[in-house]
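To start, the structure itself, in structure tokens.
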Amino acid sequence: MTLQDETEDRKYRAPALEKGLDVLELLSTHGEPMTPSQMSVVLGRSVSELFRMIQVLEFRRYIEATTDGYRLTNRLFTLGMAQAPVKSLVEAALPVMRALATATVQSCHLVVPTDDQIVVIARIEGPGDLGYSVRLGYRRNIIDASSGLMFYGRASEAAQADLKARLEPQYGVDRVARYITAAEAAGAQGYVRRESDFVAGVTDLVAPIMGADSIIATLITPYIQRTPPVCDIDTALEHLRAAAASISEDMSAVAQP
């Protein structure tokens with residue numbers, strides 16, 4: 001049996017499952033709520049074909065209705081978090097992240113790459129009444145994210161080649177080349193410090209969490225200037241890099257037999 005035959009056979013046996021997975025993958029990559037009509041246009045399926053799938057996914061709490069359409073819930077994220085490697089990373093990171101938030105009086109996020117996106121898998125709110133954070137499961141295109149610079153700049157050669165191959169068909173050679181140049185500079189520097197292009201008044205501070213061979217995650221402080229300052233940005237960056245190094249050391253110890 002050829003690969004094409006296997007593919008056709010698989011579709012023949014589970015067409016409903018294929019439609020449901022199409023909806024989940026579309027909402028994951030789109031990033032914003034979508035109406036059934038919008039989904040039908042992108043997926044090339046009629047609204048009636050998708051109606052039952054949407055109903056079931058909503059009933060099983062994989063998606064939820066909003067005023068603008070349907071969006072993913074955190075159910076898939078929660079299932080993914082149950083995997084041992086991710087669970088170990090979060091367990092190692094959370095105590096360090098709590099100490100970091102206390103020291104800097106800022107929130108912090110733990111981020112991992114997934115294909116050509118980044119996803120927040122843990123967060124600690126900054127103490128006090130003022131702070132900025134994003135929800136668990138938040139995604140953004142890796143080429144646009146501050147942490148995305150680290151995910152290329154500190155990656156292995158094989159991982160860099162794979163990411164480049166993924167990005168160029170989507171964004172073009174010139175834009176990817178600019179991204180790689182910035183990422184290589186960030187990787188050599190060992191951290192990212194840049195004004196957020198997503199939220200005015202926030203400076204993204206990013207440090208890599210390293211595994212045995214390459215980067216496995218980033219630790220991020222979305223720094224907000226307070227008046228009067230409680231912890232200046234240079235000190236916050238020092239705390240962040242020390243915290244990321246501590247988590248890296250813990251993860252290296254876990255990886256050893």
Side-chain angles (χ1 to χ4, degrees), residues 24-34 42 71-72 74 76-77 80-81 83 85-86 89-90 93 97 107-123 132-199 202-223 237 240-241 244 247-248 251:
L24 292 175
E25 291 175 355
L26 175 61
L27 291 178
S28 173
T29 56
H30 190 70
E32 297 179 355
M34 299 184 72
V42 176
R71 68 181 181 187
L72 289 179
N74 278 340
L76 281 173
F77 173 76
M81 288 288 290
Q83 297 181 79
V86 176
L89 172 60
V90 173
M97 292 172 67
S107 63
C108 56
H109 304 134
L110 181 66
V111 173
V112 296
T114 171
D115 296 328
D116 59 351
Q117 296 183 320
I118 60 99
V119 58
V120 175
I121 64 171
R123 70 175 185 180
Y132 170 76
S133 65
V134 297
R135 64 178 175 83
L136 290 178
Y138 168 80
R139 291 172 177 266
R140 195 177 186 200
N141 293 330
I142 201 167
I143 198 170
D144 296 322
S146 294
S147 58
L149 298 174
M150 275 297 164
F151 284 127
Y152 185 94
R154 297 302 293 269
S156 65
E157 290 186 6
Q160 288 178 340
D162 179 69
L163 182 56
K164 181 180 179 182
R166 288 175 180 271
L167 295 177
E168 284 187 341
Q170 297 183 64
Y171 300 102
V173 174
D174 291 342
R175 185 177 178 192
V176 173
R178 293 193 298 271
Y179 161 73
I180 289 175
T181 298
E184 288 176 340
Q189 183 172 247
Y191 64 89
V192 174
R193 174 177 172 173
R194 73 172 186 175
E195 295 298 316
S196 172
D197 58 359
F198 188 59
V199 179
V202 172
T203 301
D204 292 332
L205 305 178
V206 186
I209 296 174
M210 307 299 295
D213 302 316
S214 184
I215 186 171
I216 58 174
T218 58
L219 191 58
I220 303 176
T221 292
Y223 185 89
L237 179 58
L240 176 74
R241 298 185 69 188
I247 300 170
S248 298
M251 293 307 297

Closest non-hydrogen atoms of S146 and R194, given as atom of the first, atom of the second and distance, are OG-NE, 2.8 Å
So R154 and T218, side chain to side chain contact (heavy atoms under 4.5 Å, CB included) or not? Walk me through it. CA-CA 10 Å; R154 297 302 293 269; T218 58; over 6 Å; no
Interatomic distance, CG@L219 vs CG@L110, rounded to 0.5 Å, equals 6.5 Å
Considering only heavy atoms from C-beta outward, does the side chain of V42 approach that of M34 to under 4.5 Å?
yes
Taking every heavy atom of P208 against every heavy atom of S248, the minimum-distance pair comes out as O-OG, 3.9 Å
Rounding to 0.5 Å, atoms CD (E168) and CD1 (I180) come to a distance of 6.5 Å
Rounded to the nearest 0.5 Å, the NE2 atom of H109 sits from the CD1 atom of I118 at a distance of 10.0 Å
Sub-4.5 Å side-chain heavy-atom contact between Q117 and I142: no
Minimal heavy-atom distance between S196 and V199, with the atoms involved, is OG-N, 3.0 Å
Value for OG (S214) from CD1 (I216), rounded to nearest 0.5 Å, stands at 9.5 Å
Is there side-chain contact between Y223 and L237, with at least one heavy-atom pair below 4.5 Å? no
Output for pair (M97 CE, I220 CD1), nearest 0.5 Å, gives 9.5 Å
As a quick check of understanding, evaluate side chain to side chain contact (heavy atoms under 4.5 Å, CB included) for R140 and V134, giving each step before the final call. CA-CA 11 Å; R140 195 177 186 200; V134 297; over 6 Å; no
**Asked** Is the closest basic N to carboxylate O distance between D162 and R166 below 4.0 Å?
**Response** yes
Worksheet entry | Side-chain touch R175/L167, heavy atoms, less than 4.5 angstrom | no
**Report entry** Stepwise side chain to side chain contact (heavy atoms under 4.5 Å, CB included) check, I143 with D116
**Finding:** CA-CA 8 Å; I143 198 170; D116 59 351; over 6 Å; no
With V112 as partner, the option from I209, V120, L89 fulfilling side chain to side chain contact (heavy atoms under 4.5 Å, CB included) is L89
Q) Would you say R123 and S107 make side-chain contact, with heavy atoms under 4.5 Å? A) no
Q. Passes side chain to side chain contact (heavy atoms under 4.5 Å, CB included), L205 versus Y191? Steps please.
A. CA-CA 7 Å; L205 305 178; Y191 64 89; over 6 Å; no
Is Y179 close to L163 at the side-chain level, that is, under 4.5 Å between some pair of heavy atoms? yes
Closest heavy-atom pair, P222 versus C108, reported as atoms and distance to 0.1 Å, is CD-CA, 4.4 Å
S147 and V111 have their tightest heavy-atom pair at OG-CG1, 3.9 Å
